[in-house]
Protein chains: 2
Amino acid sequence: MVQKSNKPPSAAKMDAPAAPKRRGRPRAYEPDVALGRALDLFRRDGFSATSLDDLSAATGMNRPSLYGAFGDKRELYIKSYQRYRDDARTAMVDIFRSEAPLRERLKRIYAIALDIYTEGESPRGCFTVMTAASEAVSDPAIRGMVLEGFVELDKAFATCFGIAKERGELPASTDATVLAHLASATIHTVAIRARAQVPRKELEAIVKGALDVICGAK
Amino acid sequence: MVQKSNKPPSAAKMDAPAAPKRRGRPRAYEPDVALGRALDLFRRDGFSATSLDDLSAATGMNRPSLYGAFGDKRELYIKSYQRYRDDARTAMVDIFRSEAPLRERLKRIYAIALDIYTEGESPRGCFTVMTAASEAVSDPAIRGMVLEGFVELDKAFATCFGIAKERGELPASTDATVLAHLASATIHTVAIRARAQVPRKELEAIVKGALDVICGAK
DNA sequence: GGAATTTAATGCGAAATGGTACAAAAAAGT
DNA sequence: ACTTTTTTGTACCATTTCGCATTAAATTCC
């Protein structure tokens with residue numbers, strides 16, 4: 001029941017608040033790394049195929065601690081999904097805002113997406129797609145998060161293309177929303193294919209083809 | 001435990017082989033409609049959230065009968081998936097082969113896809129996407145089927161675009177494979193979004209935009 | 001009508017599941 | 001030293017899960 005911290009907490013607070021001197025017995029786990037482990041499991045097996053025993057083993061926390069720290073299985077799933085989204089967002093937001101030319105920005109976005117989708121050996125893929133496909137979508141709160149994820153990505157791409165239009169990188173006649181949907185579709189198709197373990201080379205080829213159509217053949 | 005046959009078996013043998021006079025007690029279920037019900041359940045809840053009790057209730061067959069007819073849960077899932085694919089294929093194959101102009105053919109293909117993805121009220125979506133996202137992809141046989149589904153769709157689109165090129169509907173410089181991947185990506189993105197209950201109108205708008213890019217704005 | 005055969009129906013059982021009660025442990029406050 | 005507070009660890013409970021063994025029913029063949 002001990003947590004080996006090989007993977008650093010992605011949202012590690014660099015400014016440790018100087019040990020707030022909590023009152024009772026100290027925690028034997030670090031919430032950040034525990035949540036990361038839970039996320040890995042949920043991502044591999046989905047919501048209902050992941051048992052609390054599995055989660056307990058993976059996080060190094062026993063069941064009651066898990067419960068106390070994150071709530072029940074559903075809440076833990078939601079928190080895992082939020083964490084996943086936060087990580088993905090922080091990995092991409094700088095690139096979306098960068099000054100680089102359009103094609104370069106898009107290339108970097110897709111490179112990061114492929115990193116996320118293909119890391120590790122067992123089926124990974126995209127948690128949003130996993131969640132959408134799960135029975136958990138019948139939960140309105142979870143479905144809301146998924147929808148939010150879709151529009152967030154669509155918007156990011158849309159503003160990206162809007163800026164490119166202003167810069168003259170795209171003809172003035174182009175519809176930024178349409179291109180954004182195509183760009184999201186490309187994200188989605190590689191996400192699903194990655195889940196089925198299509199090799200990264202093929203995914204990169206699909207991305208390249210999409211970029212040729214979107215930005216104009218290089 | 002009785003099967004109400006409101007939904008006709010999609011693969012109904014029109015030529016009933018004149019009652020082959022089976023030997024023992026007659027079946028109380030019709031395998032085709034039972035498989036259809038199982039398919040509906042798996043599609044709604046995924047593999048592991050669907051219990052044999054659920055399946056038994058939905059099919060009107062008790063557990064041992066289910067077992068005898070289709071094998072264990074995994075086999076039933078696989079057969080459901082095969083059935084889904086067969087239905088989808090037969091719904092689309094004629095359109096892929098039709099003589100209609102490119103854009104018309106594509107419009108019909110996507111219309112059928114949206115029919116499949118949005119029918120019913122509870123989350124439906126695409127079984128291939130569901131399966132890919134499920135923990136079942138770690139099963140090599142199932143993963144194989146999913147991959148097969150991807151290439152089948154890619155190929156169908158690719159030959160579609162190849163023919164369009166020969167007909168002069170597309171510039172000779174277009175890469176049929178690249179467009180095929182884009183067309184598949186559009187299928188995938190609407191499949192996922194449909195699962196999250198994005199209204200059909202929005203899905204149709206996404207499809208229209210993609211068609212404008214693929215075939216040239218109308 | 002009776003044997004053979006195929007299916008239905010009941011229900012059992014071992015394991016797993018999500019969740020919790022409760023006592024022991026480890027720290028800080030007094 | 002002793003109380004208070006927080007967390008851990010064990011064990012448990014009720015329910016669900018998958019799979020099967022067994023018996024009862026319905027039909028054909030002889």
Side-chain angles (χ1 to χ4, degrees), chain A residues 1-5 17-35 37-38 41-42 44-80 134-136 138-139 142, chain B residues 1-5 17-35 37-38 41-42 44-80 134-136 139:
Chain A
M1 265 308 128
V2 180
Q3 211 175 54
K4 282 170 287 180
S5 76
K21 286 283 185 187
R22 302 182 49 92
R23 190 94 146 65
R25 175 171 175 169
R27 292 201 191 109
Y29 60 90
E30 210 160 348
D32 276 334
V33 338
L35 192 56
R37 301 279 165 74
L41 262 199
F42 277 132
R44 199 186 60 195
D45 296 336
F47 177 76
S48 50
T50 302
S51 73
L52 286 187
D53 280 335
D54 297 334
L55 291 165
S56 174
T59 58
M61 301 165 64
N62 38 37
R63 219 104 53 80
S65 296
L66 254 178
Y67 209 82
F70 302 111
D72 68 5
K73 194 182 170 184
R74 176 179 166 279
E75 288 179 87
L76 178 52
Y77 185 83
I78 291 180
K79 282 172 179 147
S80 298
S134 153
E135 77 282 5
S138 58
D139 182 318
I142 295 179
Chain B
M1 265 308 127
V2 179
Q3 211 173 55
K4 284 170 286 181
S5 76
K21 287 282 186 186
R22 304 181 49 92
R23 191 96 146 63
R25 174 172 177 170
R27 292 201 191 108
Y29 59 91
E30 210 159 347
D32 276 332
V33 337
L35 192 57
R37 300 281 165 73
L41 261 199
F42 277 133
R44 198 187 62 195
D45 297 335
F47 177 77
S48 49
T50 303
S51 72
L52 287 187
D53 280 335
D54 297 335
L55 291 165
S56 174
T59 58
M61 302 165 62
N62 39 39
R63 217 106 47 79
S65 296
L66 253 179
Y67 217 83
F70 302 111
D72 67 4
K73 194 180 170 185
R74 177 178 166 278
E75 287 179 88
L76 178 52
Y77 185 83
I78 290 180
K79 281 172 179 145
S80 299
S134 153
E135 78 281 6
D139 182 318

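Just so it is clear, the structure is predicted and the values come from calculations on it, not from any experiment. All chains are named by letter (A, B, ...) in the order of the sequence lines, taking the proteins before the strands, and each is independently numbered beginning at 1.
As a whole-Å value, the separation of B:Asp72 CG from D:dC18 C1' is 9 Å. If you measure from atom OH of B:Tyr77 to atom P of D:dC18, you get 14 Å, rounded to the nearest angstrom. Counting to the nearest Å, the C1' atom of C:dG18 and the CZ atom of A:Phe42 are 12 Å from each other. When rounded to the nearest whole Å, the span between CZ of A:Phe47 and P of C:dT17 equals 13 Å. Look at CZ on B:Arg27: it is 8 Å from P on C:dA8, rounded to the nearest Å. The distance from atom CG of B:Leu66 to atom P of C:dT7 is 14 Å, rounded to the nearest whole Å. Atom CG in B:Asp53 sits roughly 9 Å away from atom P in D:dT16 (whole-Å rounding).
For D:dG9, the OP1/OP2 oxygens have a side-chain nitrogen or oxygen of A:Asn62 closer than 4.0 Å. For the OP1/OP2 pair of D:dT7 and a distance below 4.0 Å, the side-chain nitrogens and oxygens of A:Arg22 include at least one atom meeting the criterion.
Nearest nucleotide to the side chain of A:Tyr67, out of D:dC20, C:dG19, D:dT6: C:dG19. In the set D:dA21, C:dA8, D:dA26, the nucleotide with an atom closest to the side chain of B:Ser65 is C:dA8. When distances run from any side-chain atom of B:Pro64 to the nucleotides D:dC20, D:dC18, C:dG19, the shortest one goes to D:dC20.
Under the 30°/60° scheme for interplanar angles, the aromatic rings of B:Phe47 and B:Tyr77 are found to stand perpendicular.
In this structure the side chain of B:Arg74 reaches within 4.5 angstrom of the side chain of B:Ile78, judged on heavy atoms.
A donor and an acceptor atom, one from each side chain of B:Asp53 and B:Ser56, are nowhere located under 3.5 Å apart.
Applying the 3.5 Å distance criterion, the base of C:dA27 shares no donor-acceptor pair with the side chain of A:Arg23. The base of C:dG18 sits with one of its N or O atoms less than 3.5 Å from a complementary donor or acceptor on the side chain of A:Arg63.
Side-chain atoms of A:Ser80 come within 3.5 Å of backbone atoms of A:Leu76 as a donor-acceptor pair (strictly under, hydrogens ignored).
Positionally, the nearest nucleotide of DNA chain C for A:Leu52 lies more toward the 5' end than for the other of A:Arg25 and A:Leu52.
Taking OH of A:Tyr29 as the reference point, atom CG of A:Asn62 lies at 9.5 Å (rounded to 0.5 Å).
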